[in-house]
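My questions all concern the structure below.
Residues take their numbers from the sequence shown, with the count starting at 1. Remember, it's 1-based here, ligands and their atoms both numbered in the order they're listed.
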Amino acid sequence: MDKLIYIPDPHYGARPISRKDNYNRSILNKLEHAFKVARKNHCTVIIGGDLFDKPSISMLVFIELLMLFEKYSDVKMVILRGNHFHDGSPESSPLTMLGMFMRNVTLSDGRDYLDLPTTRLIFADNVTDPNTRDEFLSPELNNVLLTHHIIVKDPVIYKHYLIADLKTNADYVLIADYHPEQGIIQRGKTTFVSTGALARRKNTSHDVGRKPKFAYLSDKGVVLKEIPCETDVFIEKIIDDTPEVNVLENVKQMVELMDTSIMSENLFNALDIFAKTTKVDDDVIKFVKERLQNGT
Ligand SMILES: [Mn+2]
């Protein structure tokens with residue numbers, strides 16, 4: 001098995017209002033840490049998608065990333081295209097440019113898989129169903145499925161695939177897109193690897209205090225390693241006059257209302273009644289109705 005370093009979801013180029021440090025410098029440092037380990041141990045680096053936070057990146061910020069890739073141009077890198085909102089399209093995006101001009105970088109665009117000496121990397125980018133990739137399994141090589149979909153142990157509120165149900169016979173499935181860390185999960189002969197995102201963009205219980213990790217895959221199996229990084233990077237409070245909202249209580253009320261007769265009328269009436277009983281602003285209800293009408 002080829003030695004691999006896996007890092008998903010760097011979200012480079014973001015400007016999170018919840019961070020008090022230089023977020024992009026911090027991402028560059030973390031990437032460089034992983035690149036250094038890769039160089040020292042002769043590993044291929046795999047970036048599991050969402051390298052960029054948005055396709056419209058400041059040129060100044062982009063150049064700093066290019067300089068880092070240039071500095072490690074002796075390290076082989078493979079990058080999966082993530083979500084369109086983040087990595088943009090193959091036709092026009094900074095990721096496309098990075099792939100075109102860095103000879104050490106291979107993108108997943110237009111490829112089903114890439115063969116390393118003893119490992120086949122099979123791509124299931126954000127627009128490819130990860131259940132459909134077994135036709136590309138190699139009978140001789142170690143098979144690693146690179147995904148950019150929410151693949152989880154337990155159900156979540158977003159569209160997702162359950163680890164128990166995923167149709168794959170790959171040796172490894174590398175998980176990106178879902179930012180929390182799930183660790184290493186064994187299912188039969190398949191090992192699922194979920195390091196959690198490299199990025200920490202939000203002042204949430206999940207990101208505060210979390211140390212990002214990379215995965216190191218080799219003949220000895222897979223281990224997760226912490227990446228040294230700054231702690232205490234989040235500002236205390238974002239907006240001072242944020243009203244306290246008891247979300248649970250509001251949801252409970254909504255569910256009760258939906259259980260009663262109002263749902264037999266229509267959703268718009270239900271919203272009106274809900275607004276009255278909970279004293280929600282007219283503007284909020286107007287906004288929700290507009291969204292419902294537009295189907296967004
Ligand atoms: Mn992401």
D50 side-chain N/O to H86 backbone N/O, donor-acceptor pair under 3.5 Å: no

Backbone or side-chain N/O/S of H11 under 2.8 Å of the Mn ion (ligand 1): yes

Atom name in D50, limited to N/O/S, at shortest distance from the Mn ion (ligand 1): OD2

Distance (rounded to the nearest 0.5 Å) between D177 CG and H160 NE2: 13.0 Å

Name, closest N/O/S atom of D9 to the Mn ion (ligand 1): OD1

Single hit among L116, N142, V193 for side-chain contact (heavy atoms from CB on, under 4.5 Å) with L4: L116

Donor + acceptor pair across side chains of S93, T96 (<3.5 Å): yes

Which atom of H179 approaches the Mn ion (ligand 1) most closely (N/O/S): NE2

